[in-house]
Amino acid sequence: MFKQVCAFLALIIVLPIYASQSLTGVVYSKNKHAKLIPIANAKVQLHGHNHSELTDEAGRFVIELDTKQSAHADIIPHTYELHISANGFQHKNLLLNEQKINEGDLEILMATSVIEQLDVYASPLHSSTIESASAISVISDEELRNKHSSTLGDTLKSELGVHSSYFGPVSSSPILRGLDGPRVMITQNGLDVSDASRVGPDHVVSTETSTVKQIEILRGPATLLFGNGAIGGVINVVDNRVPTNTDFEADYQVSHNTVANENELSVNLTKGFDNVAVHFDAFARSSDDYKIPGEAESEDAHDDEEHEEGHEEESSGVLANTAADADGFNIGASYLFDSGYIGISFGQLNRLYGIPGHAHEEHEEEAHDEDEHEEESHEEELVQGDMQQNRVQILSEFEFDHSFITALQTKVGFTDYKHAELENGVIGTQFKNKTSQIKSDLIFAEMAGWHGALSFEYKKSDFSAQGDEAFTPASSVENTSVALLEERHLGSVLLQLGARVESISLTGEPIDVNYSALTDEQLESVPSSDNHIFDFTPISLSSGIVWDFTPGYNLGVSLTRSERAPSASELLSLGPHIGTSSFEVGSVYTIEHDGDHHELTLSSQKPELETATNAELTLRKFNGDFGFIVNVFYNTIDNFYYQNETGLLSTELFEHDEHEEHEEHEEHEEHEEHEEHEEHEEHDSELPVYITQTNNAKFYGVESQFKWQVNSALKLVLQADTIVGKLTSGEYLPRIPPHRVGINVNYQGDSWDLGLHNMYYFSQTKLAPLETETDGYNMTDIDMAYYFQMGQQDMTVFANIKNVFDVEARVHSSYLKDLTLLPARAFHLGIRGKF
């Protein structure tokens with residue numbers, strides 16, 4: 001055994017002898033006459049190294065190498081992975097050994113591409129948007145700045161297969177192919193954002209898109225590296241809070257949006273001093289109530305007596321209680337080595353925002369006689385969300401030449417999250433989430449043609465909710481996991497395999513510890529229990545191929561089987577949820593019916609893992625002036641956790657048997673409840689009851705995008721997607737986004753851009769029981785930008801018009817679809833500067 005250990009250590013310990021060597025080459029393309037044209041400003045980078053070079057006007061580049069000779073070089077020969085990228089061209093990836101480097105200048109021919117190809121940071125193995133068996137989308141640079149919105153869901157809502165939960169304009173989360181909440185993981189630089197957005201749609205996602213580099217949307221094998229909660233996909237937000245090079249970068253933006261009198265300022269700065277790089281970014285945004293193009297409440301909402309009086313006049317023209325203030329900053333520093341870096345950052349994010357559609361109404365009553373009360377005045381409570389997050393991240397990456405392990409990437413995060421729901425400035429309910437996470441990825445040298453990464457992860461989250469509307473109890477979740485991702489090139493075929501095993505322990509406190517939202521009488525109806533302790537072992541597997549069947553085309557086929565442990569809120573919820581105007585009951589409970597009597601009991605069924613089997617086919621054409629992407633997917637989910645409307649009101653769920661109570665006692669109880677629990681009665685007395693249940697479900701659909709570069713200035717983009725989600729019994733699931741089709745026309749002049757974007761959303765008629773239909777609508781936007789130089793700055797003046805025709809539109813995937821409209825016509829004006 002000792003000899004084997006020594007042999008293994010001999011492989012991974014490097015005894016380096018440094019030598020000076022240069023990697024040189026020229027990057028060029030061919031025009032239609034087959035003439036070689038040098039490409040200037042192409043980015044040339046060695047994978048895992050901190051420095052990149054740009055080609056000069058002649059297309060030439062020089063990269064200085066510090067090569068290492070090793071006593072074990074004959075066992076593990078060293079290779080370099082070279083990445084070349086340029087706007088309007090296909091990515092080029094080359095594997096070079098030292099013999100190839102010594103032969104002299106590299107001649108690198110790039111092919112034109114109308115499909116933008118971007119590298120994905122979320123995967124430890126090099127990957128781009130066209131090198132995956134399943135669909136990957138990346139938004140960056142100018143496109144991201146044009147799409148940037150105050151919420152993550154609104155920023156991504158036009159991407160293929162991505163919709164928004166749209167809890168008014170102040171809070172929205174992305175929906176991937178009909179899945180959201182605990183099934184879509186949102187990460188920042190590969191680490192969980194660790195907020196409460198997966199608990200309720202009224203909780204904002206604790207990320208900010210105004211200061212980020214790019215946003216990645218992942219599905220398929222790569223998501224296995226993110227574990228439980230990524231069964232539907234991963235949204236990875238990439239920023240530069242931990243800088244990885246010493247290149248000087250600085251930019252700023254100032255803008256104004258008329259729809260809510262919104263003002264925004266953001267700044268980014270990165271600078272290097274020898275081997276030290278520092279970064280700072282900050283933003284501030286403030287807005288009033290949003291303007292809407294009509295009356296907020298739909299006819300279906302007006303049919304509800306709760307909304308009939310006192311709202312019509314206020315709801316037309318302005319969406320009440322949507323004013324918001326947000327600010328935040330990140331500061332970080334890194335120390336750069338020849339073969340890697342290590343850095344740390346601290347960031348803070350603050351948001352104070354109104355929660356539309358859920359203001360409570362207080363009543364002052366005056367007795368006119370013994371049995372009659374008349375309402376004298378009304379006063380609405382201002383319900384707001386107040387979020388603060390403090391976050392520390394430690395990131396590092398090191399490369400090892402001539403070693404069995406070629407790289408080690410480590411990410412550490414500590415997050416302290418607080419979210420308070422305020423009623424007239426007073427805390428009614430407060431959510432807290434403290435998370436510690438460490439993730440290490442080991443990248444292996446190629447062995448027998450296979451290139452792989454092994455990922456280890458530990459995460460612990462302590463979540464609590466206290467107050468009148470704390471619908472889920474305090475819980476603690478520990479997650480330990482290991483994942484393996486392997487890939488191999490077999491001629492024109494890239495084979496991708498993945499596996500992940502997790503150990504999850506969830507401990508939830510008993511219901512009667514925190515639930516002040518329930519009256520004493522209601523608590524008597526709640527079945528008592530000790531701490532809930534659940535242990536799960538999800539196992540996930542994936543396989544996929546990418547076949548370059550002819551130059552400029554490839555076909556991706558993937559099959560993934562993923563398991564997910566249910567969240568604490570899905571299991572243990574019991575209480576009124578202000579965000580959804582519902583009374584939520586977790587799956588550990590059942591409701592037994594005996595005539596008109598209803599009893600809440602503990603379920604005897606052990607919670608099971610949710611298991612998804614997803615098959616996907618992706619066809620891409622990415623060379624030349626015309627390209628396309630077509631995705632077809634079919635996803636079956638066993639033991640799918642979903643909220644089922646019971647048809648009961650919360651008062652019916654906790655009512656007592658009338659035959660067991662005397663009339664005098666009833667009158668006394670009613671009077672006592674009015675005196676002592678008036679506030680509870682306002683919040684949950686007439687809320688519909690939803691209980692989390694499991695059933696088998698399926699989701700399927702098609703996504704397509706076609707791009708045509710008509711000439712050097714004009715580009716046309718046509719896209720469409722459709723999603724169907726229903727139980728295998730045939731019932732449609734609620735809030736599934738409708739079909740849609742869109743067209744974008746972009747004209748780029750020498751110093752200005754013009755973009756026309758139109759998306760048509762079809763009416764949604766595939767409805768869940770008790771769900772109402774949503775009308776279709778046509779949304780048109782216009783983007784304009786003018787570029788110029790001012791001293792050392794690249795300046796951009798932009799003017800965007802959103803909802804040009806001021807249409808009235810409701811989002812079917814929103815809990816508030818009958819209580820709010822999308823914003824009215826908005827003019828967004830601003831200026832950007834970059835050094």
Side-chain angles (χ1 to χ4, degrees), residues 29-32 39 42 85-92 110-120 127-147 155-163 214-219 546-556 616-633 701-722 739-749 752-760 779-785 800:
S29 66
K30 290 183 179 180
N31 63 15
K32 60 183 179 180
I39 301 176
S85 59
N87 289 334
F89 295 90
Q90 295 180 36
H91 275 201
K92 195 85 170 184
M110 304 281 284
T112 59
S113 176
V114 70
I115 301 291
E116 190 173 15
Q117 300 171 38
L118 299 169
D119 288 337
V120 178
S127 180
S128 71
T129 50
I130 66 165
E131 296 173 298
S132 173
S134 55
I136 294 180
S137 304
V138 177
I139 312 175
S140 65
D141 299 330
E142 196 72 18
E143 182 185 9
L144 178 56
R145 287 190 286 269
N146 286 336
K147 291 184 176 181
T155 300
L156 303 179
K157 66 181 181 181
S158 298
E159 298 302 302
L160 277 181
V162 184
H163 290 256
Q214 70 180 39
I215 301 176
E216 304 165 349
I217 305 167
L218 306 179
R219 308 171 188 89
V546 183
W547 177 28
D548 296 317
F549 57 90
T550 193
Y553 292 78
N554 69 24
L555 177 69
E616 181 176 352
L617 184 146
T618 298
L619 178 64
R620 308 178 181 99
K621 179 186 184 299
F622 46 84
N623 70 334
D625 294 330
F626 176 76
F628 60 78
I629 299 173
V630 178
N631 308 318
V632 181
F633 65 93
V702 180
E703 305 157 351
S704 59
Q705 186 177 71
F706 302 86
K707 292 187 177 184
W708 179 27
Q709 189 75 47
V710 181
N711 52 47
S712 60
L714 181 63
K715 180 191 290 186
L716 301 179
V717 180
L718 177 67
Q719 71 177 59
D721 57 43
T722 177
H739 312 321
R740 62 182 180 180
V741 60
I743 185 170
N744 300 326
V745 181
N746 294 279
Y747 187 88
Q748 184 172 3
W752 58 276
D753 289 348
L754 175 64
L756 174 65
H757 315 285
N758 183 265
M759 187 78 76
Y760 179 74
M779 189 62 65
T780 304
D781 301 332
I782 295 176
D783 300 332
M784 296 170 283
N800 304 329

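The basis for the numbers below is simple: all heavy atoms, side chains too, and nothing from hydrogens, waters or symmetry mates.
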Of all residues at least two apart in sequence or in a different chain, which pass the salt bridge (charged side-chain N to carboxylate O under 4.0 Å, His left out) check with E142?
-> R145, R832
Report the residue from N744, D781, T780 that forms a side chain to side chain donor-acceptor pair (under 3.5 Å) with H757.
-> N744
For residues T129 and F622, determine if any side-chain heavy atom of one lies less than 4.5 Å from a side-chain heavy atom of the other.
-> no
Student check: side-chain heavy atoms of L714 and V745 closer than 4.5 Å | yes
Side chains of K147 and K157: does their closest heavy-atom pair fall under 4.5 Å?
-> no
Minimal heavy-atom distance between Q90 and M110, with the atoms involved, is O-CE, 3.1 Å
Heavy-atom check, side chain of V630 versus side chain of F706, under 4.5 Å = yes
Check ring-ring contact (aromatic ring centres under 6.0 Å, His included) between F626 and all other residues, then give those that pass, not counting sequence neighbours.
-> none
Could you check if a side-chain atom of I139 sits within less than 4.5 angstrom of a side-chain atom of E159, using non-hydrogen atoms only?
-> yes
Search all heavy atoms of Q214 against all heavy atoms of S140 and return the closest pair with its distance.
-> CB-CB, 3.5 Å
Could you tell me which residues satisfy ring-ring contact (aromatic ring centres under 6.0 Å, His included) with W708, sequence neighbours excluded, listed by chain and number?
-> none
Would you say the side chain of D753 lies within less than 4.5 Å of the side chain of N746, judging by non-hydrogen atoms?
-> no
